[in-house]
Student: 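Below is a structure I'd like to ask you about.
Note that these values count all heavy atoms, side chains included, but never hydrogens, waters or copies made by symmetry.
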There are 4 protein chains.
Amino acid sequence: MSTGTGTPDPTRRSERSRQAILQATRELVSEVGYAKLSIEGIAARAGVGKQTIYRWWRSKGAVVFDAFLTLSQGAEGIALPDTGDIEADLRTVLRATVAEFADPAFEGPIRALTLEISADPELAAQYQEKLAAPVEEAKRERLRAAQRAGQVAADADLDLALELLYAPLFQRWLFRSGPLTPEYADALVEHTLRALRPD
Amino acid sequence: MSTGTGTPDPTRRSERSRQAILQATRELVSEVGYAKLSIEGIAARAGVGKQTIYRWWRSKGAVVFDAFLTLSQGAEGIALPDTGDIEADLRTVLRATVAEFADPAFEGPIRALTLEISADPELAAQYQEKLAAPVEEAKRERLRAAQRAGQVAADADLDLALELLYAPLFQRWLFRSGPLTPEYADALVEHTLRALRPD
Amino acid sequence: MSTGTGTPDPTRRSERSRQAILQATRELVSEVGYAKLSIEGIAARAGVGKQTIYRWWRSKGAVVFDAFLTLSQGAEGIALPDTGDIEADLRTVLRATVAEFADPAFEGPIRALTLEISADPELAAQYQEKLAAPVEEAKRERLRAAQRAGQVAADADLDLALELLYAPLFQRWLFRSGPLTPEYADALVEHTLRALRPD
Amino acid sequence: MSTGTGTPDPTRRSERSRQAILQATRELVSEVGYAKLSIEGIAARAGVGKQTIYRWWRSKGAVVFDAFLTLSQGAEGIALPDTGDIEADLRTVLRATVAEFADPAFEGPIRALTLEISADPELAAQYQEKLAAPVEEAKRERLRAAQRAGQVAADADLDLALELLYAPLFQRWLFRSGPLTPEYADALVEHTLRALRPD
DNA sequence: GGGTAAGCGAGACGGTACGTCATGTCTTGGT
DNA sequence: ACCAAGACATGACGTACCGTCTCGCTTACCC
């Protein structure tokens with residue numbers, strides 16, 4: 001019996017079409033950029049009717065979001081390196097992040113995703129839950145180990161710690177307001193750890 | 001005889017139209033949001049031909065940018081409070097920033113401006129030069145005073161210091177990833193100063 | 001094993017669905033008009049799958065046709081009044097026809113049927129056979145009686161006679177090119193009989 | 001100063017586009033038929049934006065109507081042949097009409113026009129005024145001459161006379177309910193004149 | 001002080017994309 | 001096997017804007 005809400009039945013959904021749409025979206029974001037991406041274009045590239053997109057996604061942003069969310073999924077139970085030296089480990093991780101942001105292939109998609117998330121609170125929540133949360137938990141876990149090892153103050157605010165590490169990096173990337181170098185990564189690690197140092 | 005470059009003659013420019021366009025843009029960003037803003041709408045609201053907009057601005061983003069840039073102009077030679085206590089002064093300033101970001105009237109315009117800047121490097125450069133630079137210089141100057149007073153390490157990287165103070169704040173606002181409270185501002189100040197403390 | 005022709009088995013046909021479809025079609029033609037009638041709408045109103053319509057009818061026109069054909073069926077063995085006075089009898093009949101055409105409730109359905117018939121020769125043939133033929137035969141029979149009574153020329157072309165009587169009426173209705181009044185009906189009868197008068 | 005009604009300014013209208021649209025419409029009606037004609041198709045064939053069509057015509061029907069109206073225009077001050085013999089003259093005219101209707105090249109366009117007119121009273125009025133009226137006046141004038149010559153009753157209803165002549169012909173064509181032959185034309189003339197004969 | 005060339009308002013134009021609706025086909029699950 | 005339900009590819013709908021263009025008009029500036 002129908003609920004009358006017009007909500008489509010997910011069991012009838014064509015996995016084939018879903019994949020084609022996400023694939024086409026990924027390709028088009030890379031090729032023409034987010035601003036010139038259109039539902040019409042995605043549908044054409046995917047060999048799919050526009051209605052099939054509108055049936056399953058609320059907006060262009062939601063499709064883009066899903067396209068890259070699906071890519072990164074499966075990143076469950078990740079853990080950061082733990083050599084016992086928190087500073088060295090964070091350097092490794094932040095240098096890797098810097099390298100990732102510098103990769104021009106990531107530029108388009110991540111910018112698209114960023115704009116989408118900042119414009120749509122609902123997508124932001126989804127992003128937080130599905131993608132950011134597990135990664136952040138892994139990072140927090142590494143910091144907790146450092147706390148146990150006495151390298152970080154026992155009462156440190158770990159959420160704030162993560163922001164001190166990553167927000168400056170992200171802001172430089174977003175606004176192109178400064179160079180993203182390994183040295184910059186090191187400096188962020190050094191300053192953050194100094195701020196968190198046990199008395 | 002025309003040079004054929006199509007470059008308009010700025011001396012002929014109608015100040016009346018310019019103001020009407022910027023005014024209409026400000027109103028419309030507030031009313032319908034940045035995403036639904038259109039050149040057509042601006043022209044209609046301003047009682048102006050579309051061509052007049054295209055003649056003087058490269059893109060919708062440039063108009064929006066100018067609309068809010070004009071608003072904030074005149075902020076020359078600003079200086080931060082200096083009571084001699086760097087921590088107290090920074091708390092004052094950051095708490096003010098937090099309050100500003102929390103103001104819902106700022107939400108729309110600032111988000112629009114942020115998106116525009118992150119999408120268009122040329123606007124980003126203009127923003128940096130005309131709006132951000134003087135403000136940042138004032139902040140840097142206050143930190144330099146703190147260095148002279150021995151409250152901050154003499155060799156501290158002041159640009160990095162500003163990022164540690166402001167980037168986490170900005171990121172929370174942009175992604176709505178956490179509460180913006182006076183306590184949060186205080187925590188940022190405290191951690192940053194600890195990171196910059198002289199040995 | 002299937003023959004592969006796709007021809008449905010009429011013995012399996014659901015009379016319940018058939019009636020619901022024809023009923024829904026009649027209602028919708030009245031409510032939204034023929035131009036805005038859709039298979040989708042009929043199926044929804046009838047609580048029937050679209051496929052059930054496509055299985056049993058060739059086109060929207062065929063459904064509409066059937067819907068009103070079914071209405072008028074059972075009009076077998078009709079006979080026109082015969083008082084012995086052909087002129088009086090024809091006046092009675094034509095005045096009744098005029099009244100029928102003037103009824104606004106007939107407007108929608110008959111227009112729909114007319115368009116359908118004029119656009120699809122196959123439906124036209126069906127219409128002619130199932131609906132028009134018996135009525136025309138009754139009219140022809142009345143004229144034959146008039147011939148026997150010497151009121152109409154023995155060699156008159158009765159098909160042409162019917163056209164002279166009804167085509168002007170129908171054309172006025174179809175194109176709204178003139179008033180449909182009892183006097184008009186009388187004038188048609190008078191002129192037609194004069195044209196058919198025995199020498 | 002704008003009236004604010006959104007009515008477009010006809011002096012700015014592009015004659016080039018108008019002609020291209022009407023031309024494309026005529027071609028497409030012939031090629032794909034009226035039912036499969038689309039605004040989208042007309043715009044594409046004419047090399048014109050869809051809006052340009054919607055700006056100047058209310059509906060697909062109005063475009064089709066104009067397309068053929070424009071064709072037939074200039075038929076001012078037409079006169080029927082007058083040899084002094086009304087029967088011979090009408091035979092000539094009706095035989096010509098029969099031939100016209102039999103021409104398969106006319107089939108599509110005239111059917112399209114007919115459907116349009118019968119579905120839209122406003123177009124019907126326009127048709128009546130711009131196309132039908134002058135032709136009918138010419139026919140009525142020829143009948144008036146016959147009245148003066150004593151070949152037709154002085155008090156005959158000429159509008160009814162025209163209907164008796166043409167409505168049967170038109171109905172046969174519309175419903176394909178009988179052959180359209182020269183003999184049929186002659187029979188119509190003969191019967192009509194008998195109905196109109198002076199006492 | 002009269003001509004001329006710019007900016008201006010207006011808005012038509014060829015386009016692209018929007019989001020919706022209906023088409024006719026196909027598949028699933030229920031009877 | 002038919003049926004209700006409804007997803008699907010397709011394609012047209014009518015609307016909103018895009019950025020370009022062409023109209024008259026006002027408004028300097030230059031001879």
Side-chain angles (χ1 to χ4, degrees), chain A residues 1-2 6 8-14 16-17 20 36-44 46-56 59-60, chain B residues 1-2 6 8-14 16-18 20 36-44 46-56 59-60, chain C residues 2 6 8-14 16-17 20 36-44 46-56 59-60, chain D residues 1-2 6 8-14 16-17 20 36-44 46-56 59-60:
Chain A
M1 182 180 151
S2 162
D9 175 355
T11 69
R12 290 233 187 281
R13 183 168 191 175
S14 159
R16 200 178 188 294
S17 294
K36 294 202 173 175
L37 183 68
S38 70
I39 298 272
E40 202 121 324
I42 296 171
V48 134
K50 279 197 289 178
Q51 202 65 296
T52 300
I53 300 181
Y54 285 110
R55 186 156 27 234
W56 301 110
S59 67
K60 184 177 80 168
Chain B
M1 182 179 158
S2 160
D9 175 354
T11 68
R12 292 261 190 164
R13 182 167 192 177
S14 159
R16 198 178 189 294
S17 294
R18 188 175 158 271
K36 293 201 172 176
L37 183 69
S38 70
I39 299 275
E40 203 114 351
I42 296 171
V48 134
K50 282 196 290 176
Q51 202 59 256
T52 302
I53 299 181
Y54 285 111
R55 201 178 349 255
W56 301 109
S59 67
K60 184 177 79 167
Chain C
S2 160
D9 175 354
T11 69
R12 292 262 190 166
R13 182 167 192 177
S14 157
R16 199 179 187 293
S17 294
K36 293 202 173 175
L37 184 68
S38 71
I39 298 276
E40 203 110 46
I42 295 171
V48 134
K50 283 196 290 175
Q51 202 57 258
T52 302
I53 299 181
Y54 285 110
R55 204 180 344 258
W56 301 109
S59 69
K60 185 175 81 167
Chain D
M1 180 181 155
S2 162
D9 175 354
T11 69
R12 290 232 186 283
R13 183 166 191 177
S14 159
R16 198 177 189 296
S17 295
K36 295 203 171 174
L37 183 68
S38 70
I39 298 273
E40 202 122 323
I42 295 171
V48 135
K50 278 198 288 177
Q51 203 63 289
T52 301
I53 299 181
Y54 286 112
R55 184 152 33 233
W56 301 109
S59 67
K60 184 177 80 167

Student: Base, sugar-phosphate or nothing for Ser17(D)? Non-hydrogen atoms, less than 4.0 Å.
Tutor: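 Sugar-phosphate contact only - Ser17(D) comes under 4.0 Å of backbone atoms but never of a base.
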Student: Taking only the side-chain nitrogens and oxygens of Trp56(D), find out if one of them lies under 4.0 Å from OP1 or OP2 of dG11(E).
Tutor: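 For dG11(E), neither OP1 nor OP2 has a side-chain N or O of Trp56(D) closer than 4.0 Å.
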Student: Enumerate all atom pairs, one protein N or O and one N or O from nucleotides 27-31 of chain E, separated by less than 3.5 Å.
Tutor:
from: dT28(E); atom 1: O4'; to: Arg12(A); atom 2: NH1; distance (Å): 2.9
from: dT28(E); atom 1: O2; to: Arg12(A); atom 2: NH2; distance (Å): 2.9

Student: Does dG9(E) have OP1 or OP2 under 4.0 Å away from a side-chain N or O of Thr52(B)?
Tutor: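 Yes, within the criterion.
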Student: How close do Ala20(A) and Ala46(A) get, counting heavy atoms only, and between which atoms?
Tutor: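 It is O-CB, 3.5 Å.
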Student: Write down the distance between CD1 (Ile42(A)) and C1' (dA9(F)), rounded to a whole number of angstrom.
Tutor: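 Going from Ile42(A) (CD1) to dA9(F) (C1'), I get 17 Å.
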Student: Out of dA6(E), dC8(E), dC13(E), which nucleotide sits closest to the side chain of Asp9(B)?
Tutor: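 When the side chain of Asp9(B) is considered, dA6(E) is the closest of dA6(E), dC8(E), dC13(E).
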Student: To the nearest Å, how far apart are Ile53(C) CD1 and dC2(F) P?
Tutor: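 Distance check: Ile53(C) CD1 to dC2(F) P gives 16 Å.
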Student: Of all heavy-atom pairs between Ile42(A) and Ile53(A), which one has the smallest distance, and what is that distance?
Tutor: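 Looks like CG2-CD1, 3.8 Å.
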Student: I'd like to know if the side chain of Lys60(D) reaches the main chain of Leu37(D), judged simply by a donor and an acceptor atom lying under 3.5 Å from each other, with no hydrogens or angles considered.
Tutor: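 A pair under 3.5 Å: yes.
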Student: Once you apply a heavy-atom cut-off of 4.0 Å, does Arg13(B) come out as touching a base, just sugar-phosphate, or nothing?
Tutor: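 Arg13(B): backbone/sugar contact only, no base atoms under 4.0 Å.
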Student: Identify the two heavy atoms, one from Asp9(B) and one from Trp56(B), that lie closest to each other, and give their separation to 0.1 Å.
Tutor: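 That closest heavy-atom pairing would be O-CH2, 3.6 Å.
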Student: Reading DNA chain F from 5' onward, which residue's closest nucleotide shows up sooner: Ser14(A) or Ser14(C)?
Tutor: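 Taking each residue's closest nucleotide, the earlier one in sequence belongs to Ser14(C).
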Student: If you compare all heavy atoms of Ala43(D) against all heavy atoms of Gly49(D), which two are closest, and at what distance to 0.1 Å?
Tutor: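 Heavy atoms of Ala43(D) and Gly49(D) come nearest at CB-C, 4.3 Å.
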Student: How about Thr52(D) and Arg55(D): do any of their side-chain heavy atoms sit closer than 4.5 Å?
Tutor: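 They are in side-chain contact.
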Student: Minimum heavy-atom separation for Ser38(C) to Gly41(C), with atom names?
Tutor: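 That would be OG-N, 2.9 Å.
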Student: Quick check on Arg13(C): does its CZ atom have over 12 non-hydrogen neighbours (other residues, nucleotides or ligands) under 6.0 Å away?
Tutor: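 Counting other residues, nucleotides and ligands, CZ of Arg13(C) exceeds 12 neighbours.
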Student: Pairs under 3.5 angstrom, nitrogen or oxygen only, protein versus nucleotides 12-14 of chain F, please.
Tutor:
from: dC13(F); atom 1: OP1; to: Ile39(D); atom 2: N; distance (Å): 3.0
from: dC13(F); atom 1: OP2; to: Ile39(D); atom 2: N; distance (Å): 3.3
from: dC13(F); atom 1: OP2; to: Glu40(D); atom 2: N; distance (Å): 2.8
from: dG14(F); atom 1: OP2; to: Tyr54(D); atom 2: OH; distance (Å): 2.6
from: dG14(F); atom 1: N7; to: Lys50(D); atom 2: NZ; distance (Å): 3.0
from: dG14(F); atom 1: O6; to: Lys50(D); atom 2: NZ; distance (Å): 2.6

